[in-house]
Amino acid sequence: MKDLITRLAQEIAPSGSERALMLQWMQELKAVADETLVDTLGNGIATKRGEGPHIMLAAHADEPGVMVIDIDADGFLRVIAMGSLEPAELVSRQVEFTNGVRGVIGLEDGVKLADASLNHLYVDIGANSREDAEKRIQIGLGGVVVQPLYELAGNRLAGRALDNRVGCAIAIAAFRELAAACRHVTLALTAQNAVGGRGARTAAYQINPDLALIIDAAPASDVPSGKATALSLGKGPAIKIMDGTAIVPLAVKDHLIAAAGTLGMDVQYEVWPGGKSDAGAVQLSVDGINIGGVSYPARYVGATQTVVDLADVENALKLVLEAAKTYEVR
Amino acid sequence: MLLKRLSEAMGPSGFEDEIRNVIREEVTPLVQDIRTDVLGNLLVKHGVDKPGPRVMLDAHMDEVGLMIVQVCENGRENGLLKFRALGGIDPRVLVSKPVFIGEARIPGVIGAKPIHLQAASERRKPLAMDQLYIDIGARDAKEARSLVKPGDVAIFATQFGEIGEGAIKGKSFDDRLGCALLIEALRESYDLPLFGAFTVQEEIGLRGAQAAAYGINPDIAIALEGTVCFDVVGAPSHGQSTVMGAGPALTVQDGQTIADRRFLDFMIHVAEKHDIPYQLRRVKGGSNDFGAIHKVRAGVIGGGISVPVRYIHAPAQVASLDDFNNSLLLVKAVLREIEQGGFSL
């Protein structure tokens with residue numbers, strides 16, 4: 001898993017710029033899938049037809065980022081956000097655009113960081129005029145704040161885009177195994193989650209599964225002055241009870257708990273009223289879709305880098321597989 | 001003049017009857033089929049038996065407006081009307097503006113305390129919506145109620161006019177300019193199945209377009225709009241959104257859409273090929289019907305073409321006829337290029 005996560009987390013795919021990554025992965029999954037597709041919104045969808053109920057494994061592949069909206073006469077860029085990125089997360093950091101161009105994010109002189117909005121930030125790509133910048137940059141180009149991936153002590157990973165390339169890795173691994181077991185399964189690596197579950201909605205419409213399992217990060221707060229009630233790293237995957245987009249049907253939640261019981265696995269429970277997963281977009285697609293969620297705890301969710309525990313990730317994969325294999329349509 | 005008729009017609013979100021009637025009258029002779037759906041969208045078909053991708057052109061009929069919520073009964077307020085906004089309206093643009101209420105166009109004025117009577121602290125603070133009221137000159141609540149009831153809607157009483165060199169002023173350019181573009185585009189025939197949607201309730205959440213797009217099930221959709229422009233009084237380039245007179249504006253990202261780069265590049269290519277000026281809309285705030293359309297069913301490719309509008313959502317707005325005409329050229333050129341297979345799905 002670590003190698004797969006590392007590979008996925010190094011890709012740059014801010015919301016709206018997922019297509020290249022999806023084409024690459026769908027090509028790779030052609031060998032195990034009956035059909036692969038990168039759809040209109042940029043979702044990567046791979047289907048394997050087989051036994052049992054049709055299970056959709058959904059993990060968003062995008063990450064928050066910035067988009068160039070202006071180039072001034074001196075060659076400095078102005079950006080807007082895709083997803084919620086606060087100025088404090090951006091100032092003095094390096095941004096890498098999807099075409100490989102790098103720049104440094106600066107804050108206008110005389111503006112206090114606490115008062116700053118994205119309007120006060122600029123990107124310095126080393127250009128000395130608009131014409132010079134336009135050779136390398138176009139308005140609409142997406143980019144991300146770069147942050148190398150590191151392995152921390154205790155089987156933990158830290159870095160950019162772990163939310164949700166970890167989820168993609170779990171979903172891809174689960175898809176491969178379920179496909180090999182001749183189950184009816186569809187993998188959806190979804191686009192544009194950071195801007196509101198846009199890809200998940202159109203993906204679910206096309207797939208219309210019997211059950212969709214949403215695989216995403218949930219915030220771990222076992223940190224200094226973190227909320228006492230929430231999730232911890234290393235204490236197992238979290239079964240979604242509810243987030244800001246959906247309440248999981250009780251039968252699906254109970255099925256996931258039963259699957260964890262079969263595995264003798266410690267799990268936690270995700271109650272995240274502010275969470276913006278794909279669950280709601282999938283649930284409300286077509287005439288209503290049965291959903292469940294398996295989340296891996298991650299520290300600093302919403303920031304430009306997160307920390308995850310690989311044991312949680314391995315167990316999340318096992319839980320997804322067990323739940324998928326034992327699900328029955330009632 | 002079409003723009004004058006469209007601009008002055010009444011149609012706050014959810015109350016689009018009058019503007020729909022105006023548009024129906026204009027387009028009926030131009031199209032094969034015309035109907036109004038459950039939500040009130042006016043849907044037309046043009047060349048539906050032709051081969052090629054199903055193209056949807058969208059323009060919303062509704063405008064920002066006000067809804068009367070209370071006829072005041074007591075004391076000095078007796079007979080004054082409390083209201084709420086339909087759509088995004090800055091309360092600072094409302095004070096002292098004339099309005100028309102309902103089909104009967106009952107005239108009223110949005111009142112507030114005169115400057116003579118304001119304390120220094122009051123002058124520094126803009127009035128909130130709930131401190132404002134509409135005065136229709138009624139002597140008391142009974143007289144007011146004989147003319148107006150809660151739930152009635154009001155629009156700005158702004159007359160359309162041509163001003164300066166090739167500029168226009170009026171209300172509701174967002175999105176009556178888009179409606180005009182769509183009507184003008186329907187005057188020609190194209191070798192593809194073209195669907196026109198004049199939609200309702202855009203200003204309160206892109207509601208009509210979602211149902212319209214589901215029904216039409218297009219391959220390609222383009223929202224035609226009037227959009228934010230603030231190219232005045234020292235706004236930096238990245239704070240302008242668009243520049244009046246610089247041509248139709250193409251969306252890169254707004255509150256509801258990240259542009260599909262393939263279709264954006266296609267529209268840019270068409271503009272350059274046909275020597276039509278264009279600009280990119282450089283702000284995240286705001287949105288248009290394409291935000292709802294692109295998420296319908298399995299997803300729809302397309303984009304937005306907008307005429308820059310200064311003082312958008314305010315009682316008096318300003319736009320450039322050159323921008324309007326160039327937007328129309330671009331819409332038609334895009335349709336012609338699609339017709340000739342210039343954009344592959």
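Values in this document were obtained by computation on a predicted structure and should not be read as measured data.
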Quick one: which of B:Thr257, B:Leu264, B:Val296 has the most heavy-atom pairs under 4.5 Å with chain A, could you say?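 Option with the top pair count is B:Thr257.
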What residue, out of B:Asp260, B:Val300, B:Leu345, has the most heavy-atom pairs lying under 4.5 Å from chain A?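 Of B:Asp260, B:Val300, B:Leu345, B:Val300 has the most heavy-atom pairs under 4.5 Å with chain A.
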Less than 4.5 Å to any heavy atom of chain B: does that hold for the side chain of [X], its backbone, both, or neither?
X	result
A:Ser15	both
A:Leu41	side chain
A:Asp72	neither
A:Arg198	both
A:Ala81	both

Give me the ring orientation class for A:His184 and A:His54: parallel if the planes are under 30° apart, tilted from 30 to 60°, perpendicular past 60°.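 Rings of A:His184 and A:His54: parallel, under 30°.
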Angle between ring planes, B:Phe290 versus B:His294, binned at 30° and 60°: parallel, tilted or perpendicular?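 It falls in the parallel class, under 30°.
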If I measure from the heavy atoms of chain A, does [X] come under 4.5 Å with its side chain, its backbone, both, or neither?
X	value
B:Tyr214	side chain
B:Ala298	both
B:Leu280	side chain

Are A:Ile137 and A:Leu77 packed together at the side-chain level, in the sense that at least one heavy-atom pair is separated by less than 4.5 angstrom?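 Answer yes - side chains close enough.
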Do side-chain atoms of [X] reach the backbone of [Y] as a donor and acceptor pair under 3.5 angstrom?
X	Y	result
A:Asp62	A:Asn193	yes
A:Asn43	A:Asp39	no
A:Thr186	A:Thr47	no

Looking at B:Thr251, B:Thr227, B:Asn288, which hits side-chain hydrogen bond (donor to acceptor under 3.5 Å, both in side chains) with B:Arg281?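 Checked B:Thr251, B:Thr227, B:Asn288 against B:Arg281; only one passes side-chain hydrogen bond (donor to acceptor under 3.5 Å, both in side chains): B:Thr227.
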